[in-house]
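Here is the structure we will look at, set down as structure tokens.
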Amino acid sequence: MAVVASAPGKVLLTGGYLILERPNAGIVLSTNARFYAIVKPLFDQLSPESWAWAWSDVKLTSPQLNRESMYKLSLKNLNLQRVSSSDSGNPFVEHALEYAVAAANATFDRSKKEALNKLLLQGLDITILGCNDFYSYRSQIEARGLPLTPESLAALAPFKSITFNAEDDASGQQCKPEVAKTGLGSSAAMTTAVVAALLKYLGLVDLSSSNDKETKDLDLVHIIAQSAHCIAQGKVGSGFDVSSAVYGSQRYVRFSSSVLSSAQDAARGLPLQEVIVDILRGNWDHERTKFSLPPLMTLLLGEPGVGGSSTPSMVGAVRKWQKADPQKSQETWRILSAANSVLETQLKALSQLAQEHWIAYKSVIDSCSTTKNEKWLKQAADPNEEAVAKALLGAREAMLEIRKHMRQMGEAAGVPIEPESQTKLLDVTMNMEGVLLAGVPGAGGFDAVFAVTLGSSSSSNLAATWSSLNVLALLVREDPYGVRLEGGDPRSREITSGVSTMSIQ
Ligand SMILES: Nc1ncnc2c1ncn2[C@@H]1O[C@H](COP(=O)(O)OP(=O)(O)OP(=O)(O)O)[C@@H](O)[C@H]1O
Ligand SMILES: C[C@@](O)(CCOP(=O)(O)O)CC(=O)O
């Protein structure tokens, strides 16, 4: 029987770079863009000779990249060996598989281990699929002469094939990733979906109910996915992307990287069976608290160019600057950290006001949705409305402060964190009626920008303005849910629900 799990992509609203160091926090919103993993047996029945086999056959298919790889998984030392492939493999899925099987092996008693071996001898057939929102389709839309609008995106066939970035960029722009992506964290969502589907398939987690057991299950998915993701990436990032893929929107403080030191040793030859025990027993000290946008606010993403930026090279440059100019960099980080906290506090205050004074809250949001920010305070008719308007303006001020110092950090480190073209776009965006905030998410650069709009009409107005500025408004919205089990293959769901009236193949 097939198991299908999915995990969401993310947008880091605050905390880019700072979140790499404890105890700095970041606000991360998960999205309705999801990555799916389908796991099923490769063979219908156990072959009569299979009892003598010391390996499991694994097939990994990535239809959007037109890739298929075959592996052998040693049942003795749990290592995965690629035996044939149309490409260079997928380190994220490969590590996810090794770690998930090792976790089952380390946890199960003898009889469960025998059942596990039998299941593995039936082989594993893994398919991975990412929603279109993870990837850039701008070039195809432009090439077909279609308008740069969300409607053109909605007309694309679901799970469309992915554009690779050209290796030699004619513009000479550095930092381009392998596939043309929007910056939603495809590798973290992919790793998390694969780990969840495998742990469920192997019988280590349940994931179908919401109780204490569910939290324990999610914690297990998290530590396995986080370890596999770091090792596959070859670096220990802050982990906000994996955490939001597992638990959904949240305020996040990173784990201490020492928890992964033994996994890093594994990359240098320590047996996986030993490493996994350390990972399972490790002191995972990350903090996560519930956070989502206040009511009547919409998260929007706009893609200003094609292909996005590669985070690791930007992080490297910022770290170099921190070493070269500790005094200035500490000062910038202090200001950024304070501004991040103010934005968080104002958004929390708005959620609170919505809860306690809904009528005043709704009335202010409605009137602000059609007016520019200079008028927001003047429109407030009583103290409660004034409190709402003040919190909205406080959030804007904090965002402007964050942008200013992120820009300065980029200039000092010599990397385009908020490059000039993005600054112009964000300024126009933040000055529109009904727009609360706009910024570059995460590490910044040329990935899609985000905006938070107020009320119902302002998001379509913003999409239309972006389109006139040659910016493609994506279909992505905030969706606070993390990893989950799915009822079936998402491709059959798309077909049966007859999603789009017209499909661009
Ligand atoms: N549908 C897919 N099938 C197989 N591999 C994929 C798929 N989508 C993305 N990948 C792989 O995932 C990796 C993307 O990782 P990378 O860290 O560059 O981007 P990201 O996780 O989206 O980063 P960001 O947080 O900046 O968005 C690439 O190696 C890419 O080949
Ligand atoms: C720069 C950094 O703080 C954020 C990167 O975010 P993103 O991948 O650009 O969304 C790196 C990290 O947190 O791992």
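Read the numbers this way: they start at 1 and go in the same order the structure lists the ligands and their atoms.
- At a heavy-atom cutoff of 4.0 Å, ligand 2 is contacted by no atom of Met314, backbone or side chain.
- Among Ala448, Ala245, Gly237, Ser187, the residue whose heavy atom sits closest to atom 16 (P) of ligand 1 is Ser187.
- At a heavy-atom distance under 4.0 Å, no atom of Phe134 approaches ligand 1.
- A donor-acceptor contact shorter than 3.5 Å links the side chain of Thr423 to the backbone of Pro419.
- Each of the following atoms of ligand 2 lies closer than 4.0 Å to a heavy atom of Lys10: 7 (P), 8 (O), 10 (O).
- Salt-bridge annotation for Glu331 and Arg334: present, with a side-chain N of the basic residue lying under 4.0 Å from a carboxylate O of the acidic one.
- Taking only nitrogen or oxygen atoms, main chain and side chain alike, Ser238 reaches within less than 3.5 Å of ligand 2.
- Using a cut-off of 4.0 Å between Lys/Arg side-chain N and Asp/Glu carboxylate O, Arg407 and Glu411 are scored as not salt-bridged.
- With Glu478 as the fixed residue, the side chain to side chain contact (heavy atoms under 4.5 Å, CB included) test singles out one of Leu300, Thr298, Leu299: Leu299.
- Side-chain contact check for Leu350 versus Met297: some heavy-atom pair is nearer than 4.5 Å.
- The side chain to side chain contact (heavy atoms under 4.5 Å, CB included) test with Leu97 singles out one residue from Asn90, Leu60, Val194, Leu124, and that residue is Leu124.
- Taking every non-hydrogen atom of Gln64 and a distance limit under 4.0 Å, the qualifying atoms of ligand 1 come out as 1 (N).
- Annotation: His95 is not in aromatic contact with His229 [ring centroid separation under 6.0 Å not met].
- Contact between Ile162 and ligand 1 is present, with at least one heavy atom of the residue lying under 4.0 Å from the ligand.
- Taking atom 9 (O) of ligand 2 as the reference point, the nearest protein heavy-atom neighbour is Ala443 N, 2.9 Å.
- Close approach to Ile19 involves these atoms of ligand 2, each under 4.0 Å from a residue heavy atom: 3 (O), 13 (O).
- Nearest-heavy-atom check against atom 10 (N) of ligand 1 across Lys181, His229, Lys10, Met190 picks out Met190.
- Applying the 6.0 Å contact sphere to NZ of Lys40 captures no more than 12 heavy atoms from other residues, nucleotides or ligands.
- Side-chain N/O atoms of Tyr71 and Glu94 include a donor and acceptor closer than 3.5 Å.
- The part of Val315 lying near ligand 2 is the side chain, judged by heavy-atom distances below 4.0 Å.
- The Ile128 neighbourhood of ligand 1 comprises atoms 3 (N), 4 (C), with distances under 4.0 Å to a heavy atom of that residue.
- Heavy atoms of Asn90 found under 4.0 angstrom from ligand 1 belong exclusively to the side chain.
- Looking at Asp241 next to ligand 1, no N or O pair under 3.5 Å apart turns up.
- Residue contact check: Gly16 has heavy atoms under 4.0 Å from atoms 3 (O) of ligand 2.
- An N or O contact shorter than 3.5 Å is missing between Leu65 and ligand 1 by distance.
- For ligand 1, none of its N or O atoms has an N or O atom of Arg67 under 3.5 Å away.
- Around atom 27 (O) of ligand 1, the closest heavy atom drawn from Gly185, Pro63, Ala232, Pro441 belongs to Gly185.
- Residue Gly237 approaches ligand 2 through these ligand atoms, each under 4.0 Å from one of its heavy atoms: 14 (O).
- For ligand 2, the atoms closer than 4.0 angstrom to any heavy atom of Phe240 are 4 (C), 5 (C), 6 (O), 10 (O), 12 (C), 13 (O).
- No hydrogens or angles considered: nothing links the side chains of Gln64 and Ser161 as a donor-acceptor pair under 3.5 Å.
- Classification of the Phe255-His286 ring pair by plane angle, with boundaries at 30° and 60°, yields perpendicular.
- In terms of polar-atom proximity, Gly183 is counted as a contact of ligand 1, with an N or O under 3.5 Å from an N or O of the ligand.
- Residue-level proximity to ligand 2 for Leu18 is absent, since no heavy atom of it falls below 4.0 angstrom.
- Close approach of ligand 2 to Gly442 is summarised as follows: ligand atoms under 4.0 Å from at least one heavy atom of the residue are 6 (O), 7 (P), 9 (O), 10 (O).
- Ring centroid separation for the pair Phe159 and Tyr36 comes in under the 6.0 Å cut-off.
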Mind running side-chain contact (heavy atoms from CB on, under 4.5 Å) on Leu280 and Ile224 for me, showing each step along the way?
CA-CA 8 Å; Leu280 294 173; Ile224 302 293; 4.1 Å; yes

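- Heavy atoms from both the backbone and the side chain of Ser186 come within less than 4.0 Å of ligand 1.
- Among protein heavy atoms, the minimum distance from atom 3 (O) of ligand 2 is reached at Tyr17 N, 2.8 Å.
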